[in-house]
Amino acid sequence: MQYPSRPEATVMLSQLHQLLDPATPGPRPRPGLWTYERALTQAGLAPVAGVDEAGRGACAGPLVIGAAILNPARRPPELADSKLLSPAQRERVYDSVTRLARAWSVVVIPAADVDRYGLHRMNIEGMRRALAQLQLDPGYVLTDGFAVPGLATPALAVWKGDQVSASVAAASVIAKVTRDRMMVQLEAQFPGYGFALHKGYCTAAHTRALQQLGPCAQHRFSYANVAAVAGHNVENSPLPAGENCER
């Protein structure tokens, strides 16, 4: 196979990112899940690491960040954005990713740290930690949605990265499965909230339980819906009053 030169491949990657940018007018193509990784490898920037989080929109439980460097020759079957997979599929993909990946890591940020330091700051810090814990140094980093400043490695924030990058999709599965398992365990420690079912997100059942039982130690008191029940006045909350959490 004739690969393009590094400058040509770098231009190809830039054009691909521009086509996928939501600000670009007109219809946008949907690339294959390995398109970014292939372009970066052709540009001489392998290995490629993806990083993503789970639990950003939850009002209870930890924020979990996953990172992964995949082996293109050992592609995990069924790999996709974790939100598009069933729980059973996610478990299978998690097993495949952790078995076949060249390197992977996971970082857990407690709810108390989200309250103390802020959601976005902890998200960025968690991504830095996850990348630093990889046992293989990446040549390039792909992040989902927003940039992670201060990395020693060149990086690109990809719109809907978990849907268009295999590495980011793998990171999303690692983060999601790790967090879901933790929330099931927290249900045993804090019964009555339904953590095993809604995983700390603001479903109607969770809202009712929160109003009846009040918040527990795993709730994020910096979120407006939790603060309202706890009787706190929280300014600049990540979750405005009356807004539903998102997965």
Side-chain angles (χ1 to χ4, degrees), residues 51-67 80-91 93-94 105-127 129-130 144-146 162 168-247:
V51 62
D52 198 10
E53 98 289 327
R56 181 180 176 92
C59 66
L63 178 70
V64 178
I65 298 93
D81 172 15
S82 63
K83 296 186 291 297
L84 304 179
L85 299 172
S86 69
Q89 287 176 317
R90 281 197 295 268
E91 289 286 344
V93 173
Y94 175 91
S105 67
V106 64
V107 168
V108 177
I109 306 292
D113 284 353
V114 173
D115 286 339
R116 184 175 297 113
Y117 301 109
L119 175 65
H120 188 67
R121 178 178 174 184
M122 284 294 93
N123 201 351
I124 295 294
E125 177 62 22
M127 289 184 171
R129 292 181 197 172
D144 183 23
F146 55 86
D162 47 8
V168 178
S172 77
V173 170
I174 291 170
K176 175 66 174 168
V177 171
T178 300
R179 188 178 187 279
D180 282 359
R181 291 175 178 178
M182 294 181 68
M183 295 307 296
V184 171
Q185 295 173 350
L186 288 175
E187 170 69 14
Q189 298 179 41
F190 301 94
Y193 292 100
F195 288 153
L197 294 175
H198 53 65
K199 308 301 190 294
Y201 290 92
C202 300
T203 64
H206 188 188
T207 298
R208 287 194 298 270
L210 186 57
Q211 292 171 344
Q212 292 170 2
L213 301 174
C216 71
Q218 287 297 322
H219 280 96
R220 301 178 187 175
F221 288 80
S222 57
Y223 280 51
N225 63 328
V226 178
V229 175
H232 295 175
N233 181 18
V234 178
E235 296 181 357
N236 302 318
S237 167
L239 180 66
E243 182 177 329
N244 291 324
C245 298
E246 297 180 356
R247 292 180 184 274

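- Counting only heavy atoms from C-beta outward, the side chains of Pro215 and Arg220 never approach each other to under 4.5 Å.
- The two residues Ala58 and Gly200 come nearest to each other via the heavy atoms CB-O, 3.4 Å.
- Using a 4.5 Å cut-off on side-chain heavy atoms (C-beta onward), Ser172 and Lys83 make no contact.
- Every residue meeting the salt bridge (charged side-chain N to carboxylate O under 4.0 Å, His left out) condition with Arg129, not counting sequence neighbours, appears here in chain and number order: Glu125.
- The OH atom of Tyr94 sits 4.5 Å away from the OG1 atom of Thr178 when rounded to the nearest 0.5 Å.
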For residues 110-119, please give each side-chain donor-acceptor pair under 3.5 Å, one per line with the distance, not counting sequence neighbours.
from, atom 1, to, atom 2, distance (Å)
Asp113, OD1, Arg116, NH1, 2.8
Asp115, OD1, Phe221, N, 3.1
Asp115, OD1, Ser222, N, 2.9
Asp115, OD1, Ser222, OG, 2.6
Asp115, OD2, Phe221, N, 2.9

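- We find that Asp180 and Arg90 are joined by a salt bridge, their nearest charged nitrogen and carboxylate oxygen being less than 4.0 Å apart.
- Closest non-hydrogen pair, Asn225 versus Cys202, comes out as ND2-SG, 3.3 Å.
- Taking the ring centroids of His219 and Phe195, they lie under the 6.0 Å cut-off.
- Looking at residues two or more places apart in sequence or on another chain, you find no salt bridge (charged side-chain N to carboxylate O under 4.0 Å, His left out) involving Arg208.
- Residue Val173 comes nearest to Leu85 through the heavy atom pair CG2-CD1, 4.1 Å, listed as atom of the first residue, atom of the second, then distance.
- With a 4.5 Å cut-off on side-chain heavy atoms, Glu53 and Leu63 count as touching.
- Under a 3.5 Å cut-off, the side chain of Glu187 and the backbone N or O of Gly194 do form a donor-acceptor pair.
- Ring-centre distance between Phe146 and His120: below the 6.0 Å cut-off.
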Before giving the answer on side-chain contact (heavy atoms from CB on, under 4.5 Å), spell out for His206 and Cys59 the whole-Å C-alpha distance, their side-chain angles and the decisive distance to 0.1 Å.
CA-CA 10 Å; His206 188 188; Cys59 66; 3.6 Å; yes
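- Ionic pairing of Lys176 and Glu91 is not present here: no N-O contact between side-chain nitrogen and carboxylate oxygen is shorter than 4.0 angstrom.
- Distance CE/Met122 to CD1/Ile124: 10.5 Å, rounded to 0.5 Å.
- Each of Ile65, Val107, Asp144 was compared with Val51 under the side chain to side chain contact (heavy atoms under 4.5 Å, CB included) criterion, and only Ile65 meets it.
- For the pair Ile109/Pro62, no side-chain contact is recorded, criterion being any heavy-atom separation below 4.5 Å from C-beta on.
- Judged by distance alone, the side chain of His198 and the main-chain N or O of Tyr193 form a donor-acceptor pair under 3.5 Å.
- Across Ala209 and Gly192, no two heavy atoms sit closer than the pair CB-O, 3.5 Å.
- Smallest separation of non-hydrogen atoms from Ala175 and Gly66: CB-N, 3.7 Å.
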